[in-house]
There are 2 protein chains.
Amino acid sequence: MSRRSGILEFAVLGLLRESPMHGYELRKRLNTSLGVFRAFSYGSLYPCLKTLVQQGWLIEEPAPPQEDPRAATLAGRRAKIVYRLTAEGKEHFEELLSQTGPDAWEDEHFGVRFAFFGQTSRDVRMRVLEGRRSRLEERLAKMRASLARTRERLDDYTLELQRHGMESVEREVRWLNELIESERAGRDQRADAPDERQSEDTGGGPRHPGTTPPDPSDDTT
Amino acid sequence: MSRRSGILEFAVLGLLRESPMHGYELRKRLNTSLGVFRAFSYGSLYPCLKTLVQQGWLIEEPAPPQEDPRAATLAGRRAKIVYRLTAEGKEHFEELLSQTGPDAWEDEHFGVRFAFFGQTSRDVRMRVLEGRRSRLEERLAKMRASLARTRERLDDYTLELQRHGMESVEREVRWLNELIESERAGRDQRADAPDERQSEDTGGGPRHPGTTPPDPSDDTT
DNA sequence: TTCGTCATGTAATGGGTTACATGATTAC
DNA sequence: GTAATCATGTAACCCATTACATGACGAA
């Protein structure tokens, strides 16, 4: 009855925080912006939206006034339902953003969490990145152990598969290392541009994490 | 009622083809040998085993005679149920092995299929590898297109996530390229060691695929 | 006029996990 | 004696997909 997905809920709230949208568009964003990792179907999305409305996190709005005169025939196409984040929804999302349990760095969640790092405070970002890294290192240790145990009994293909899998994990660890270092560099950056400083950038606009070049003007249509 | 998992069924049949096992051990193998990608719980495994028995692919056997005298007290531990592949099961698995639809190269299936390449005929291996590769290239094209469309609207983190995701896919494509070339080299290898040839190596022992990349004493710590 | 895309939804189904129940054996 | 591991199983639940139902609009 309740359809509390966790990950889908999180992503929907996060996307709607940037700007109101209707379901169809929301799904597209879900499967492009964030969707390298996960693809959701309408069968999941629409029920999810309903429960979010029931929770009070979202409100449904009729189609916004179109500037295009052709579409003025009372809601172009089938009457869109635009979903907007409520104040309570915003608060709820902010709370979700601040959580740093294992739920934040397991495979299914990490990607989506990362996608909203722009809205996440720096210390939470650090905890999530480090959590993910240690999770992966744990996994590497297990893989190495199991490989050492069974090395001789495996055929070439199984071995190659294992090797490639381990390399993938190692690669992600290196990636995380760079990101973490980058975050640290950003944090310790107080010598120059001191006027940019702010005690907590949780709700503020997305600031670049150090090495990444600053963006001129980001505009979310 | 039926619990036809596809992927789990496949893996179970494949592991039992190598040697009979009881459920507990089977699960461990599932989560080490093949399990970098997927971890199954007893809640899936045992019901699956039951239906496989009902299908006639497996038979339950009482614990095998233990050579260890201490365990001779009528089935060491709780009476193990050893599962053995029947002739029909073997036939069925062979048929599954020969299938090369999209089911073979999608994310969820490819790893397990690859793990049993040792039992797979060369032409099927080729089709699966090439299928996977074109699937990934398709995905890359989509990612690049979507990136080109939305490049400016994305914040640094989302961009970085996307970039890393694409790199991962590109890396797998390169891996597949090497494997495919290796397979081809193996196929065209008729100048030397001609007595090793066999028209179909489907059911035969695992032959190394020519220039198998994995080096013996390769240890990347 | 038919196809592709936009747009919203529901019911049935699938494939899996978690938590629980049970109990023997081994190692400390 | 008690904790860990071995060993098998079930029921309740979860999250998501697929297939379906409906329908409007724009372009070929």
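A note on names: the letters A, B, ... follow the listed sequences, proteins ahead of strands, and every chain is numbered from 1.
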So which nucleotide from D:dA16, D:dA7, C:dT17 ends up closest to the side chain of B:Tyr46? D:dA7

Starting at atom CD of A:Glu106, determine the distance to atom C1' of C:dT17, rounded to an integer number of angstrom. 14 Å

Report yes if a side-chain nitrogen or oxygen of B:Lys28 is closer than 4.0 Å to either non-bridging phosphate oxygen (OP1 or OP2) of D:dA7; otherwise report no. no

Side-chain N or O of A:Tyr42 versus OP1/OP2 of C:dT8: is the shortest distance under 4.0 Å? no

List the residues meeting side chain to side chain donor-acceptor pair (under 3.5 Å) with A:Glu88, not counting sequence neighbours, and say none if there are none. A:Thr86

Does the plane of the ring in B:Phe10 sit parallel, tilted or perpendicular to the ring in B:Phe116? Use 30° and 60° as the thresholds. perpendicular

B:Arg163: which residues meet the salt bridge (Lys or Arg N to Asp or Glu O under 4.0 Å) condition with it, sequence neighbours left out? B:Glu160, B:Glu167

Look at the rings of A:Trp175 and B:His164 and say which category their plane angle falls in: under 30° parallel, 30 to 60° tilted, over 60° perpendicular. parallel

In terms of side-chain heavy atoms of A:Tyr24, which of D:dC6, C:dT5, C:dG9 is nearest? C:dT5

Please report the distance, rounded to the nearest Å, between NE2 in B:His22 and P in D:dC6. 9 Å

Using whole Å, what does the distance between atom P of nucleotide C:dG16 and atom CD1 of B:Ile7 come to? 7 Å

Geometric class of the A:Tyr24/A:Tyr42 ring pair [parallel <30°, tilted 30-60°, perpendicular >60°]: parallel

When rounded to whole Å, the CD to P distance for the pair B:Glu9 and C:dG16 reads 11 Å

How are the rings of A:Phe114 and B:Tyr157 set to each other: parallel, tilted or perpendicular (split at 30° and 60°)? perpendicular

Distance, rounded to the nearest Å, where B:Lys80 contributes NZ and D:dG9 contributes P: 14 Å

Taking only side-chain N and O atoms of A:Ser44, does any of them lie within less than 4.0 angstrom of OP1 or OP2 on D:dT17? yes

Taking the axis from the first five pairs and the axis from the last five, what angle separates them in the helix from C:dT1-D:dA28 to C:dC28-D:dG1, rounded to 10 degrees? 30°

Phosphate contact (C:dT8 OP1 or OP2) by A:Lys50 side-chain N/O below 4.0 Å: no

Distance from A:Glu9 atom CD to A:Gln55 atom CD, nearest 0.5 Å? 7.0 Å

Would you mind reading off the distance between A:Leu45 atom CG and C:dA7 atom P, rounded to a whole angstrom? 13 Å

Between P on D:dA7 and CD1 on B:Ile81, what's the gap in Å once rounded to a whole number? 12 Å

Between CZ of A:Arg27 and P of C:dT5 the distance, given in whole Å, is 13 Å

